[in-house]
Asks: 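This is the structure I have questions about; it appears just below.
Proteins come first, then strands; the chains are lettered A, B, ... in the order of their sequence lines, and each starts at number 1. Just so it is clear, the model here is predicted, and its values are computed rather than measured.
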Protein chains: 2
Amino acid sequence: MLAVSSTPFVLWERLQESASSLIMASSGYAGGNFMKSKKVTILDVAQLANVTKSTVSRVVNDSPLVNDKTKQRVWKAIEELGYTPNRTARSLALGKTNVIGFVVSEQQISDVVSNPFFPTVLKGITTVANREGYNILLLSLSGQDIKSYREIIQRHTVDGFLILGGPSNPKLGSDLDKLKVPYVFIGKHDPAAEHSYVSTDNEEGGYIAGKHLIELGHSEIRFMVGEVKGSLLSHNIERIAGFKRAFDEAGMTFAEHLVVKVPTDIESGYHFMKSYLAKDRPSGLILSNEVTSMTCLNLLIDEGIAVPEEMSIVSFGDAQFFRNTRPSLTTVSQSVEWLGKTAMELLLQRISGEVSYPSPIVRKPEIVLRGSTKKMR
Amino acid sequence: MLAVSSTPFVLWERLQESASSLIMASSGYAGGNFMKSKKVTILDVAQLANVTKSTVSRVVNDSPLVNDKTKQRVWKAIEELGYTPNRTARSLALGKTNVIGFVVSEQQISDVVSNPFFPTVLKGITTVANREGYNILLLSLSGQDIKSYREIIQRHTVDGFLILGGPSNPKLGSDLDKLKVPYVFIGKHDPAAEHSYVSTDNEEGGYIAGKHLIELGHSEIRFMVGEVKGSLLSHNIERIAGFKRAFDEAGMTFAEHLVVKVPTDIESGYHFMKSYLAKDRPSGLILSNEVTSMTCLNLLIDEGIAVPEEMSIVSFGDAQFFRNTRPSLTTVSQSVEWLGKTAMELLLQRISGEVSYPSPIVRKPEIVLRGSTKKMR
DNA sequence: TTGTAGGCGTTATCAG
DNA sequence: CTGATAACGCCTACAA
């Protein structure tokens, strides 16, 4: 269980119970003394209940040291006025916002449209956030930039960061550590550095994918990875290492040209693959993400290349997603929602101080077998 | 152009320019007097620069009434200390947060995984938000509940709401109006009420879809719409009205059974359609959203039903999305990204007071012809 | 052009 | 158990 204080939500729950009176009070107020619905503060409540702000504050925060009689009186006043505590003021006083910054590079937010990774991880995050009373603030930064993080954390806008993995500055982690800013990387497995991150074991994933195809008797295997500005994402570099390990283990020789870099946007990716497959027709294909996979699948359909008869396909990504493609794909499962959930939970632990040391969580990937891979005849 | 004040960002820009010194200062500080990197406030800057808080505040907000010399001194101090204004404090003083609440029902956030509508509209929103210096706070509510909105707006957490259309309380709009809360509905076309919303003309969309199939000579046409808790979403009710109009206009008789309600989740939707098509095999099908369409497409592939030879398909949704399905689908285009952008722009205008009256923006849908529809022989 | 002082709405620390 | 009172960090008349 997370040791997050639940006091701020007591009020909420109470208000829920008294729906009708609340609505009445509010509209009565709006049409009454004030044209521009003046906001009711803790002071208004205090006066109406004949107590001081302090007492109201205690009631609202469910402090035990307040008389039941007074408590009732205060609650009545609260409901009558339709009072809701001002979060901003509370944040200022407490130095805590109950908001998590979800950092997504602009590149990623652009890809978002077609890439199911983002919404899936977001679902995981919000699930936990809602449960624990946190909100998610969407932050799209230029990414690499330590200064931006610094800015934002100092503005005291958020209690911590969730950073969607990607090609970010390698020094970012230690910089954030230095600033004592709670953060967790999502999907950025960095065995070299001792940072906070949640990820699947990409090296292992690459290994599993390669091994699977090798065991099925394929020898002409290509690993197609997305290329961002001419270079590879770190998780893909690891997967390639695992892919190579599978070759080594099988006594097969690995070569550079087995790894094919493809553009990540659908349009150019499609054309690239089309011309690639015209020259080189492997029997096994590994695809590094959802977009690339969909693009490739479309191409195979358009070209009339049968899966798995003519070509076996293994994809990296969310297993659920690839269940609903046609054909459905054998996939090295990423558990993207788990990624989001776990990252959020870890972050909350760091914020509450339960965990202060760097705490990577790495999950072994599994391969989900479906109809897209087949034994070589 | 939007009349949003740009003052809060002056500081940001300046800091960007002096990257190196900033980093140095910050780490120097952290390792210096304070173990727990004490936050530097406007007061620290004031003292170092030998002025008062007021002056620093003016400098930071780029006020013209401050001497150039002092201005320089203050900036120097700011950079030396790595000062960043505290957003929470500023919000409290100003009564403005520069944050927009993006309200998504829990239902929607759950569907998110497979539904490209959400991320696409989000992209539109963040594009404008980033440009105008706003951040997006993700709010997932139980949806219908006016009390929740009231709560959140009163907590002064956001400057306005973007509400993702759906089965929300019909009174919600007027309730929000009463509370003088800036808001814009996205995708909720409600000709009856005079509220703020951005939408495509759903009635027209339904009409176009129906007309298209009728003109191709189809007479056995079904409209498959998602069913949420046994009832239809408002936009679908409108589309059905348009669909009916197309029938009326063609002198064909419309009947209830032409509208088929299907479960919105992939699993049960698939099974439902499967048993439905076993009994009733129309020649033309209209599908109301991305998920339903994908589900249906998968079924058709699995059952070996050829599109468009045996069945013509028209889908509602993002045109770009349906370009990348196989087969690609003739679609009544929603311009989902436009929806997000426009909604955000409208909301900002309402916040700044440029637009105070209810201001619906409705866009006529277009039909994008692709290979999934074909003349009846 | 700059400084002073009060306020924004809450919470926390002391007294009583 | 309850009430003053001082933070929290910034903004903004009003003075000087």
Side-chain angles (χ1 to χ4, degrees), chain A residues 5 7-12 38-74 77-78 81-98 151 153-157 159, chain B residues 5 7-8 10-11 38-47 49-74 77-78 81-98 151-157 159:
Chain A
S5 160
T7 43
F9 309 106
V10 176
L11 174 62
W12 172 285
K38 199 186 169 193
K39 33 214 148 147
V40 11
T41 78
I42 201 172
L43 193 61
D44 301 320
V45 177
Q47 288 170 343
L48 183 60
N50 256 320
V51 290
T52 53
K53 299 188 297 178
S54 321
T55 304
V56 178
S57 177
R58 289 192 188 98
V59 172
V60 158
N61 292 301
D62 208 26
S63 158
L65 26 78
V66 49
N67 190 318
D68 272 357
K69 293 265 178 190
T70 4
K71 205 178 276 189
Q72 283 181 17
R73 219 170 56 241
V74 172
I78 287 176
L81 297 175
Y83 164 76
T84 310
N86 179 322
R87 255 199 157 187
T88 308
R90 182 181 265 168
S91 293
L92 183 58
L94 254 36
K96 182 172 194 317
T97 59
N98 264 48
E151 278 256 333
I153 196 64
Q154 284 203 339
R155 290 183 179 190
H156 245 256
T157 278
D159 294 341
Chain B
S5 159
T7 43
V10 177
L11 175 63
K38 200 187 170 197
K39 9 184 178 176
V40 11
T41 78
I42 201 172
L43 192 61
D44 300 320
V45 177
Q47 288 170 341
N50 256 319
V51 291
T52 54
K53 300 190 297 177
S54 324
T55 304
V56 177
S57 176
R58 290 192 188 99
V59 171
V60 158
N61 292 301
D62 208 27
S63 160
L65 25 79
V66 48
N67 191 317
D68 271 358
K69 292 266 179 188
T70 359
K71 206 178 275 188
Q72 282 182 17
R73 219 167 59 239
V74 172
I78 288 177
L81 297 175
Y83 165 75
T84 310
N86 178 322
R87 254 197 158 191
T88 308
R90 183 181 265 168
S91 294
L92 184 58
L94 254 35
K96 182 173 195 318
T97 59
N98 264 48
E151 279 256 333
I152 291 180
I153 196 66
Q154 285 204 338
R155 291 182 180 191
H156 244 256
T157 277
D159 294 342

Asks: Between the side chain of A:Asp159 and the main-chain N/O of A:Lys96, is any donor-acceptor distance below 3.5 Å?
Replies: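 A pair under 3.5 Å: no.
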
Asks: Please pick, from C:dT11, C:dG3, D:dG9, the nucleotide with the shortest atom-to-atom distance to any side-chain atom of B:Thr41.
Replies: D:dG9

Asks: To the nearest Å, how far apart are A:Gln72 CD and D:dC1 C1'?
Replies: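 The distance from CD of A:Gln72 to C1' of D:dC1 comes to 16 Å, rounded to the nearest Å.
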
Asks: Which whole-number value in Å describes the distance from B:Lys53 NZ to C:dA5 C1'?
Replies: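 Rounding to the nearest Å, NZ of B:Lys53 and C1' of C:dA5 are 9 Å apart.
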
Asks: Examine C:dT2: is either OP1 or OP2 under 4.0 Å from a nitrogen or oxygen in the side chain of B:Thr70? Give yes or no.
Replies: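 Looking at the OP1 and OP2 atoms of C:dT2, one of them is under 4.0 Å from a side-chain N or O of B:Thr70.
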
Asks: Nearest of D:dC11, C:dG3, C:dT10 to any side-chain atom of B:Asn61?
Replies: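 From the listed options, D:dC11 comes nearest.
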
Asks: When you measure only distances, ignoring hydrogens and angles, does the side chain of A:Ser57 come within 3.5 Å of the base of C:dA12 through a donor and an acceptor?
Replies: no

Asks: With nearest nucleotides of DNA chain D determined for B:Ala93 and A:Val51 from heavy-atom distances, which residue corresponds to the more 5′ nucleotide?
Replies: A:Val51

Asks: For the side chain of B:Leu92, starting at C-beta, report the closest nucleotide among C:dT1, D:dC11, D:dG9.
Replies: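 So the nucleotide nearest the side chain must be D:dG9.
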
Asks: Do B:Ser54 and B:Arg58 come within less than 4.5 Å of each other through their side chains, counting heavy atoms only?
Replies: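 Side-chain contact under 4.5 Å: yes.
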
Asks: Taking the side chain of B:Leu65 as heavy atoms from C-beta outward, which of D:dC11, C:dT2, C:dT10 is closest to it?
Replies: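 Side chain of B:Leu65 sits closest to C:dT2.
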
Asks: So, OP1 or OP2 of D:dG3: does either fall under 4.0 Å of a side-chain N or O from A:Thr55?
Replies: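 For D:dG3, OP1 or OP2 has a side-chain N or O of A:Thr55 closer than 4.0 Å.
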
Asks: Give a yes or no answer on whether the side chain of A:Thr97 reaches the backbone of A:Thr157 with a donor-acceptor pair at less than 3.5 Å.
Replies: yes

Asks: Between A:Leu94 (CG) and D:dA6 (P), how many Å, whole number?
Replies: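 The distance from CG of A:Leu94 to P of D:dA6 comes to 20 Å, rounded to the nearest Å.
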
Asks: Would one find a side-chain N or O of B:Asn86 under 4.0 angstrom from OP1 or OP2 of D:dC8?
Replies: no

Asks: With hydrogens left out and only the distance checked, is there a donor-acceptor pair under 3.5 Å joining B:Ser54's side chain and the base of C:dT4?
Replies: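 Yes, a donor-acceptor pair under 3.5 Å.
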
Asks: To the nearest Å, how far apart are A:Lys71 NZ and D:dC1 C1'?
Replies: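 In whole Å, D:dC1 C1' and A:Lys71 NZ are 11 Å from each other.
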
Asks: Figure out the CG/C1' separation between A:Leu43 and D:dT5, and round it to whole Å.
Replies: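 After rounding, the reported distance stands at 14 Å.
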
Asks: Looking only at the side chain of A:Ile42 (C-beta and beyond, no hydrogens), which of the listed nucleotides D:dC10, C:dT10, D:dT12 gets closest?
Replies: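 Of the candidates, C:dT10 comes closest.
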
Asks: Going by heavy atoms in the side chains, are A:Asn86 and A:Thr41 under 4.5 Å from each other?
Replies: no

Asks: Short question: side chain of A:Asn61, backbone of A:Ser63 - any donor-acceptor pair under 3.5 Å?
Replies: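 Looks like no, no N/O pair under 3.5 Å.
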
Asks: Just wondering, do A:Arg90 and A:Val60 contact through their side chains at under 4.5 Å, heavy atoms?
Replies: yes

Asks: Expressed in angstrom and rounded to an integer, what is the separation of B:Arg90 atom CZ from D:dG9 atom C1'?
Replies: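 Atom-to-atom, B:Arg90 to D:dG9, this comes out as 11 Å.
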
Asks: Would you mind telling me which residue lines up with the more 5' stretch of DNA chain C, A:Ala89 or B:Arg58, judged by nearest nucleotide?
Replies: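 In this pair, the answer is B:Arg58.
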
Asks: Please state how far atom NZ in B:Lys39 lies from atom C1' in D:dC8, giving the value in whole angstrom units.
Replies: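 The distance from NZ of B:Lys39 to C1' of D:dC8 comes to 9 Å, rounded to the nearest Å.
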
Asks: Closest to the A:Asn67 side chain: C:dA5, D:dC1, D:dC10?
Replies: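 So the side chain of A:Asn67 is nearest to D:dC1.
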
Asks: Between the base of C:dG9 and the side chain of A:Arg87, is there any donor-acceptor pair under 3.5 Å?
Replies: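 Not at all, since no donor on one side and acceptor on the other fall under 3.5 Å apart.
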
